[in-house]
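Below is one structure, written out as structure tokens; the observations come after it.
Order of the sequence lines fixes the chain letters, A, B, ..., with proteins taken first and strands second; residue numbering starts at 1 for each chain.
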Amino acid sequence: MIRFALTKFLGLAATLLVAAAITFAALDILPGDPARFILGINATPDAVAALREQLGLDAPALQRFFGWIGGMFVGDFGLSYTQGQPVGQLIAGRLGVTIPLTVIAMILSAGIGLPIGILAARRRGSFADAGLMVLAQLGVAIPNFWFGMLLVLLFSVTLRWLPPGGFVPWGENPFAAFASLILPSIALALPQAAILARVMRTALVDVQGSDYIRTARAKGLTLSEAVWKHGVRNAMLPVLTILGLQFAYLVAGTVIVENVFYLPGLGRLIFDAISARDLILVRSSVIILVLAVIGTMFLTDLAYAWVDPRLRSRKAE
Amino acid sequence: MTDLPAPEKRVWLRHPSLRIGAVASLVFLLVGFVSIAWVPYPIEVINVGAAMQDPSPAHWLGTDHLGRDMLSMIMKGTLTSFVVAAIAVAIGALIGVPLGLAAAAWGGPAEWFILRVNDFLFAFPALIIAILITTIFGPSAINAMIAVGIFNIPVFARVARGGALSLKTLDYVGAARLAGMGPIEIARRHILPNIASLIIVQATIQLALGILAEASLSYVGLGTQPPATSLGLMLKDAQTYALLKPSLALIPGITIILIVVALNLAGDGLRDQLDPKLRRLGGARGAA
Amino acid sequence: MALRTAVAAFALALSFVGIADAAPRTDLRIGLVLEPPALDPTAGAAAAIDEVVYQNVFEGLTRIDETGAVQPALASSWDVSADGLSYTFHLVEGATFHDGTTFDADDVVFTYGRITAADSVNAQKALYAGIDSVTAVNANTVEIKLKGPDGLFLFNVGRGDAVIVAPESAANNANTPIGTGPFKFVNWQKGADLTLEQYAGYWGTKPALTKVTYVFINDAAARVNALLAGSIDGINNTDASTLPVFKADPRFKVVVGSTEGETLLVQNNAKAPFSDLKVRQAIAHSLDRAEIIAGASSGYGTPIGSHFPPHSKDYVDLTGTYPYDLDAARKLLAEADYPDGFSATLKLPPVPYATVGGQIVASQLAKVGIKLTQVNLDWNQWLTDVFTNKDYDLTIISHVEPFDIGIYADPNYYFGYNDPDFQAIMKQLNETTDEAARKELLIAAQKRLAEQAVNGYLFELAQTGVWSAKLEGMWQNAPVEGVVLSGIHWTE
Amino acid sequence: MALLKVDELTVRFGGTPVLDAVSFEIGKGQRFGVIGESGSGKTMSALAIMGLLPEDAELSGTLIFDREPLPADEEARAKLRGKRIAMVFQEPMTSLNPLEKAGAQVAEAMHLAGQAQGDPRADVERLFVEVGLEPGHAARYPHELSGGQRQRVMIAMALAGKPDLLICDEPTSALDLITQRKVIDLIDRICSDRGMALMFISHDLKAVAALCTKIMVVRRGKVVEMGDKLDVLGHPKHDYTKLLLAAGRHRARTLMRAPISGDMLVARDLTKRFRQPDVSIFEPRPPLTALDGVNFTIRSGESLALVGPSGSGKSTLARIIVGLDRATKGELEFDHQVYHGTDLPRTLRRDISLVFQDPFGSFNPRLTIGESVAEPLRLEQGAEFDELGRRIVEVVQAVGLSPDMLNRFPHEFSGGQRQRFAIARALITRPRLVVLDEPVSALDVSVRGEVLVLLNRLRADYGLTFLVISHDLDMVRIVADRVMVMDKGRIIETGTPAQLLDKPQEPLTKELIAASLPDVGIVPVL
């Protein structure tokens, strides 16, 4: 198991390095001049040139690349062009929103999607099944920014239960901070919950038809006991894969949702940084996201191996 | 090996969700294609004086904030949404399927490399990279879809590889090799036709995802650009009118939902028609 | 039932809607479209910087009031030499920076030295290039000598780009701005909001507000919802299309005024066919300003016929120079050898008035046979392609700088307009300080631009503020960028 | 007194009956055999008794167990399962929960049947020993056990509740020959020891004959014959039973054939190693040796059989000979041309052909049978178009089918017909050497004989040389002139069928021969 983890971990590190190289190279060809952007349309050329030099944009690309990579190893992500602050600090400041947001969304999507999937699979062919699956279809099909708007119109503008957006720092008022993440995480989680429900249902339906469920029933379990005791864990295998992948989608989805709910999260930071051509900030945040995604995939792999003994031992059949 | 009746007895299209999904998808597609030749009113012509009218015999769905006919907008928008999503699917399929087949056919280092590239692409948050690419090359629906298409490559590669691997061990592939066929010929004659249905299923699902991705990119201003329109762009434009004239947002929103549901139903139904063993191959990437 | 009670209790506990106190509130939450990238107005051009700090955190020697007139600020008065080359500013006494250091003439010398230095990153450096020397006569008197007369000098001194900073704190102003203004910077939650508090040691009249929070909301619909849900009290400039919602709602007041933003259909005068006056005139005849304003700005905005703000005392209405007349336009096009019109591209920056305006302009010009291909760009591309490389035919943009008619005198500017007659008028204007004479020259300049149809003059961008009905004292117009807080107060 | 009484049992799926008014009784301690081909409905009868029919099945008729009608309610039915009636399923690979240890799964069965007293671990171990497993196997996951071991775990599980009736549904058909025999012996021993009633379902006549005292023959959902073993097997009344009996013995006559002459194919020191995926870069796995220095010769006109347990390397050898795989070491010589597998020269490809094991997988479902059969003609570059057409017709007629079937698709044919087409495809280039990889093992018993007869006739007619791969000694006896026994990648013994079967030398050969069940009944006259 430890070796399994170590191998996976080395793969992770290699992926990260390649990702860093590609991100750097891709952004180096980005047209547009951060200095010009900062100083605006009436700025004189020499002011722009002065700023370019100040930002270190004149150094050769390779030098900047290794400077960046080297810095990241010691936790130094560089200085943001537009904000003049350490990138690491800027990103860290946003994680307090994005991490809880994705985690809550993840919990919501699993907490809503899985029971619905199980229920539908257990009542396969019934009206409940059909109804739940219609809901799941709608859930997958609703653009999440639009759904976010509808949530705000209902819960903030009309009912005034929850804030329409914005964020109160955790340190100031944890309840308010949590409250400001409720609607965004619902908007973020809905499509994923719908997908999970469908995957869970399919997996469980497949499992219900499997030979070992029949064996379990032959032992004296009723169908539902057999499904609970033997089926759900087996059905979780495909679901785990999806859960791992969903993290990537949730992270990317924050860009949109953080815009709708004007949350100070990482997604919005990246979006703003892209439009402001704050290359160093974009690069480092993208790498952080890639790290988060492959880190999650790594954990998914471990979880998979933990659940499935076949992966753990890999003995020859 | 149990004595169950053969699955072939289920008639294609008996499946209600497949029937509904396929018919609805085709209807929307047809509406889109009709808009190439004809729309009730040209959408380039702006008549602010006639803005935000209610539905009437002249304008079945009313007019938008610039006085354009909503029905015409929806027709054109449907076409754009389909076309851009189809571009993303085409990029993904045309590159991904051969890659997947190559991985399955050659195995060894080639397969290792292709799988690593796949993993690698999966690691990037697609939407963010799409935003980045679109910003680099300029906001346009085509650029957006090229970006989304890149992330479709591993999806199709995975499906094609899985399908090909499950067929590769079948004896008729061996028989073809004995008959002196090369890998490309075998792929064309024996593998592709038999995994085509899998790929079509995945394509319908990715098409639905592409339509949603286009909407998301349009929402942040990086998708379809005026004067062209797409359902996503209509939705974005209507956001500020949500309270004044809710129908402006509801009509394109509901259209998107209907199209996506139709495509997903068609895809799911098709998948159900297939061998349940093959069903799992495409399932892994249902999320988006 | 239990669930519903729980939800209600929870909602109550989290209630963000303030419970009405007996005394009027003294806090304010303002929505801003864009978050400032940094907070030093002397080292960045973003309007969002000024919207937060100008006249609130930082002050200049002079300030611009709501009408666009120059008023005393850190300089309580000034003397101008007869030749207009020497300005002596008498500074207020007792002003301190928020970190407690005192304000004196040395700070002024430092500030201007920083602006005019060779490595200065001040975006408007050129405006202050005419400064010859800045000397502290004594602690409360500063003398600034100019290389040549400059009719706009006092106005420029009052801009956000020339606010007074202290040598002790200037380097950190980007993130922790320290000025002399009535509000001090407290906290900036990047990506979300920024808080200012009343500065107890302020030298001038204390404002009514004690705490002001700027909330950054990029998304137009989200701004509307934030207002409706009461999570912000006002927006300086909201999306015009949403105004009808607020007009109908008694909880809000809509404050419509004007800005310095002349919205133009910019034509590349250096490039055929726009180098041909007849073509430009034809375009001017084909533009239906009323429809453009109705579509691109929901009817808010004043039609203009030249590059000058209508609220200015020196404004003349020149919208009739080339009235909307498609026949005249066709005739002019024919005379210019384009009887069937021509094709051109319209490169648009990512702002609603441009993207929507572009569609309307394209629709209108199509009627005389001019076929426009719209190309939507992001800001960087627009700056690079259009502004810097001048690689464009047409574009739509608002020029929001105050008193910026002088840009037409620069033949290298992206308009590509090289007109010795106009340049002569400008030269003369710069050297004139007499008000009446300046007015004559300004009118002449406006007329010249209108007649030459340098650009398609569309409308003056409106300031469309939406505020809580209980707020008073907001600026109706925006002669400079900024949300000046000092006059704002709650009525109950 | 009947333990189980089944009366007019009918099972339908969407109106189509798969079991049609089946009635039978099983007495206490009785051994009841059900025989029939795939699709005959025999599994459905077992599932109906267990209450495990698929949800969309419609059931009618009465089932009386121990004087009580079997309850319809799932919960009440579940209480009977395991405790009173237990079942062993066909697929040992998928019938166990892959995520739980074997011991835990057996322990659960004991617990459910209320048989867990004292130390459950000891109980499980006792059961494991009873079914011939080591106690240590209890701590293994199913994937760590072989097929035979899994089937023993399944039996242990079925025994856990001390049932009165044990239903075995083709418990051995997925196992190799030696294991099959061991499992059958195990079931036999346990039923005797415990005095348990047995319902044994199989398509293998010999297995049923070995275990049961009463036999029911099922065909297309109907009982065609039922009675005492000796009656049914000794004096079959129904033609179908006769056919089954005949096929079970497939006594094909040796026909005239071309004389055996010089060496056609020589294998020298053939070795094949497969790279195994490493567990990790720290834990590389040694390559798997499938062939380990194989030497042999096939003479022209001869029929050589290759037998051995599964995993012994038979199929790998076949794949290398026909050019689908490449040897790691060693060489082959065909007609004085040396090759190593995939480098088989194109000019020789038409001379060596292969008949695949699975008639279902060997045709592309999207091509017509004709297109598939004609595929190898690509190797005949010199031939005229008309000549090729004639060849197709000729070869299809040779395998006893009609050329007008060529435009149809594979799913329209039965397994036997497909295997005939597969043989036609293998013969269309007029090869000299035909490799047959288990040519009849996937076919129903009743058609096996026909195919074997066909093969023998073709060999005589065309003067073919055969390399037949099989684990079925009966078949080897019929078609082979010479037999090679393979184990763990090596050829351990060679000889004529008679020599080997009568005087086996190697332990494995002895085991193989011992594993085959005794013949049953009389030789029917067809």
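- D:Pro376 approaches B:Ala179 most closely through the heavy-atom pair CA-CB, 3.6 Å.
- A salt bridge between D:Arg378 and B:Glu185 is present, with a side-chain N of the basic residue lying under 4.0 Å from a carboxylate O of the acidic one.
- Interface remark: D:Arg350 contributes no atoms to any contact with chain B (heavy atom separation under 4.5 Å).
- The shortest heavy-atom contact between D:Arg349 and B:Arg177 is NH1-O, 3.7 Å.
- When heavy atoms are compared at a cutoff of 4.5 Å, D:Thr342 approaches chain B solely by way of its side chain, counted from C-beta outward.
- Residue B:Leu26 places its CG atom among more than 12 non-hydrogen atoms of other residues, nucleotides or ligands, all under 6.0 Å distant.
- With a 4.5 angstrom heavy-atom cutoff, D:Leu367 touches chain B only via side-chain atoms.
- The line from CZ of D:Arg425 to OH of B:Tyr172 is 11.0 Å long, rounded to the nearest 0.5 Å.
- Contact count against chain B (heavy-atom pairs under 4.5 Å) is highest for D:Pro365 among D:Ala422, D:Ala426, D:Pro365.
- D:Glu170 does not touch chain B: none of its heavy atoms, backbone or side chain, sits under 4.5 Å away.
- Interatomic distance, B:Ile186 CD1 to D:Asn364 CG, rounded to the nearest 0.5 Å: 11.0 Å.
- Taken from NE2 in B:His190 to CD in D:Glu375, the straight-line distance is 3.5 Å, to the nearest 0.5 Å.
- In terms of heavy atoms, D:Val322 sits closest to B:Leu178 at O-CD2, 3.3 Å.
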